[in-house]
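This structure is a prediction, so every number in the text was calculated from the model and none was measured. When a ligand or atom number is given, it counts from 1 through the structure's own listing order. Below, all heavy atoms of this structure are taken into account, side chains as well, without hydrogens, waters or symmetry copies.
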Amino acid sequence: MIQGERRTGAPIRWAMVGGGRGSQIGYVHRSAALRDGTFALVAGAFDVDAARGRELGAALGLDPARCYPDHATMFAAEARRPDGIQAVSIATPNGTHHAITRAALEAGLHVVCEKPLCFTVAEAEELRTLARERKRVVGVAYGYAGHQLVEQARAMIARGDLGEIRIVHLQFAHGFHSAAVEEASPSTRWRVDPRHAGPSYVLGDLGTHPLYISEVMLPGLKIRRLLCTRQSFVRSRAPLEDNAFTLMEYDTGAVGMCWCSAVNAGSMHSQKIRVVGSRASLEWWDERPNQLSYEIQGQPAQVLERGMGYLHPEAVVDDRIAPGHAEGLFEAWSNLYYRFALAMDAADRGAPADAPRYPGIDAGVEGVRWVENCVRSADQGGVWVDYR
Ligand SMILES: NC(=O)c1ccc[n+]([C@@H]2O[C@H](COP(=O)([O-])OP(=O)(O)OC[C@H]3O[C@@H](n4cnc5c(N)ncnc54)[C@H](O)[C@@H]3O)[C@@H](O)[C@H]2O)c1
């Protein structure tokens, strides 16, 4: 159980790039990183508007001298300080992730980067090489993966509870962008502009989340080929899609599909991962993250509840409150930041790294790879393409 005890040395001196006032995800990073005392926020280049960024830094209690106009100035100035930053989180629009992550690694920093990590597999692999050379941790903010019942699903599938895996059904299909809300929302506007969002909208923004959860639940499963079709129902979003269907064939003979959408009118979130085996199925839904549905063919369905003694040890190790109470997305993110801190601390001590229980650089690369393959298929008219 996590009770705020630090299992690392002194708090990791941490900064943020992006995540400024009014941003969607900035506070979620701060709340998660600061919750267990593993990180201390000491610097930031929080905003594309330097004055607004400084203002937020001051309101967060930072030394004004450590509120910087941009990431390059911050990395250079912090490198000159004996108490300079050791890690940075990057919560800026997608088009900046590659350059800022590269600059951070070159400055010797650990990184937590938002998804998608970058635009191309070539860029992602370059970052992986750099991270390995510099022995730095790169975490990727697939925050839902910190929900503990994801670990329960992984353990049950590994134990063979479902039998042979046949079907993987992924979806992340909300309705919040059913109309052209970007006309009034800067946070949505860049998401539908390829210069800032990259080669996709919902595939990268939404699809990479359940994709990563499927990688956690089914670590041995590799995609052999896929077919993707994507649409821009709000026409002004073209060439970027606000809806996409992807069919996948895995090398074991299992098949999968992923529905990503921002135009699923009326839906709140609908991120679901359903794994169907020859004997039973599991389903996890992010709107009810404390429950895991376990359905054995021919028997009454069961609902496994977070925190209960019948769960796998790795599905309860990060409990923060007794069962019966709801843990939510803030707890899931805190769990990930806790794991990032342990990995960064181990790297700084030169200790052997445990097998990562967090989305690291490999997960970042695989998310970009999936988007790249989906776009290649869709842009050829929705044809099967070998996965590469
Ligand atoms: N992991 C998740 O669940 C999740 C959820 C939402 C957003 N995101 C990701 O987080 C990132 C940010 O998304 P958002 O919705 O918070 O965007 P946003 O537009 O709401 O906020 C972006 C913030 O970054 C700042 N910024 C932009 N360029 C900058 C730069 N060069 N230097 C410093 N600051 C800069 C802006 O001023 C703003 O404060 C995106 O990559 C997005 O995909 C992830």
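Neither the backbone nor the side chain of V28 comes within contact range of ligand 1; no heavy atom lies under 4.0 Å. Heavy atoms of H71 found under 4.0 angstrom from ligand 1: none, in either backbone or side chain. The backbone and the side chain of S23 each have at least one atom closer than 4.0 Å to an atom of ligand 1 (non-hydrogen atoms only). Contact annotation for S187 and ligand 1: heavy atoms of both the backbone and the side chain come within less than 4.0 Å of the ligand. By the criterion of a heavy-atom distance under 4.0 Å, the side chain of W333, and not its backbone, is placed next to ligand 1.
Those atoms of ligand 1 with a heavy atom of N94 less than 4.0 angstrom away are 40 (C), 41 (O), 42 (C), 43 (O). With ligand atoms numbered from 1 in the order given, ligand 1 contributes 33 (C), 34 (N) to contacts under 4.0 Å with heavy atoms of A45. Close approach to D205 involves these atoms of ligand 1, each under 4.0 Å from a residue heavy atom: 43 (O). The atoms of ligand 1 that sit less than 4.0 Å from any heavy atom of H209 are 1 (N), 2 (C), 3 (O).
In the hydrophobic clustering of ILVMFWY residues, with side-chain heavy atoms under 4.5 Å counting as a link, Y338 and Y358 come out apart. Linking Ile, Leu, Val, Met, Phe, Trp and Tyr residues whenever their side-chain heavy atoms come within less than 4.5 Å leaves M257 and L226 in two separate clusters.
In terms of protein heavy atoms, atom 36 (C) of ligand 1 is closest to V48 N, 4.0 Å. Scanning the protein for heavy atoms near atom 5 (C) of ligand 1, the closest one is I25 CD1, 3.3 Å. Scanning the protein for heavy atoms near atom 37 (O) of ligand 1, the closest one is D47 OD1, 2.8 Å. Closest to atom 19 (O) of ligand 1 among all protein heavy atoms lies W190 NE1, 2.9 Å. Of all protein heavy atoms, the one closest to atom 32 (N) of ligand 1 is V17 CG1, 3.8 Å. Remark: minimum distance from atom 31 (N) of ligand 1 to any protein heavy atom is reached at T96 CG2, 4.2 Å. Atom 43 (O) of ligand 1 has K115 O, 3.0 Å as its closest protein atom, hydrogens excluded (heavy atom only). Protein heavy atom closest to atom 14 (P) of ligand 1, with residue, atom name and distance, is Q24 CB, 3.8 Å.
The option with the heavy atom closest to atom 23 (C) of ligand 1, from among S185, G22, P69, G19, is G19. Of the candidates A141, A72, A50, S89, the one placing a heavy atom closest to atom 1 (N) of ligand 1 is A141. Selection from R191, H97, E114 by nearest heavy atom to atom 44 (C) of ligand 1 gives E114. Across P93, G198, G204, heavy-atom proximity to atom 28 (N) of ligand 1 is greatest for P93.
The two atoms that bring A173 and S270 nearest to each other are O-CB, 3.3 Å, heavy atoms only.
Just one of R35, R320, E151 meets the side chain to side chain donor-acceptor pair (under 3.5 Å) condition when paired with N335; it is R320. When each of R357, Q148, Q152 is tested with E314 by the rule side chain to side chain contact (heavy atoms under 4.5 Å, CB included), just one qualifies, namely R357.
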- Assess whether side-chain hydrogen bond (donor to acceptor under 3.5 Å, both in side chains) is satisfied between Q231 and T229, documenting all intermediate values. CA-CA 7 Å; Q231 299 75 36; T229 155; 2.7 Å; yes
- Derivation and outcome, side chain to side chain contact (heavy atoms under 4.5 Å, CB included), residues Y144 and L329: CA-CA 7 Å; Y144 305 97; L329 194 57; 3.6 Å; yes
- Task: Report the C-alpha distance between Y310 and E305 in whole Å, list the side-chain angles of each, state the deciding distance to 0.1 Å, and finish with yes or no for side chain to side chain contact (heavy atoms under 4.5 Å, CB included).
- Result: CA-CA 9 Å; Y310 50 71; E305 294 279 349; 3.7 Å; yes
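For a threshold of 3.5 Å applied to N or O pairs, the pair formed by T92 and ligand 1 contains at least one separation below that value. Considering backbone and side-chain N/O of G20, one or more are found under 3.5 Å from N/O of ligand 1.
A heavy-atom separation below 4.0 Å is not found between D70 and ligand 1. Residue F46 places a heavy atom less than 4.0 Å from ligand 1.
Remark: L117 CG to I361 CD1 distance equals 5.0 Å, nearest 0.5 Å.
Listed for the R306 side chain is no donor-acceptor partner under 3.5 Å among the backbone atoms of L292. A donor-acceptor distance shorter than 3.5 angstrom exists from the side chain of W284 to the backbone of P289, with no hydrogens or angles considered.
Salt bridge present: E125 and R369 bring a charged side-chain N and a carboxylate O closer than 4.0 Å.
No hydrogens or angles considered: nothing links the side chains of Y201 and R230 as a donor-acceptor pair under 3.5 Å.
Counting heavy-atom neighbours within 6.0 Å of R159 CZ, excluding the residue itself, gives a total above 12. For M1, the CE atom sits in a packed shell: over 12 heavy atoms of surrounding residues, nucleotides or ligands are nearer than 6.0 Å.
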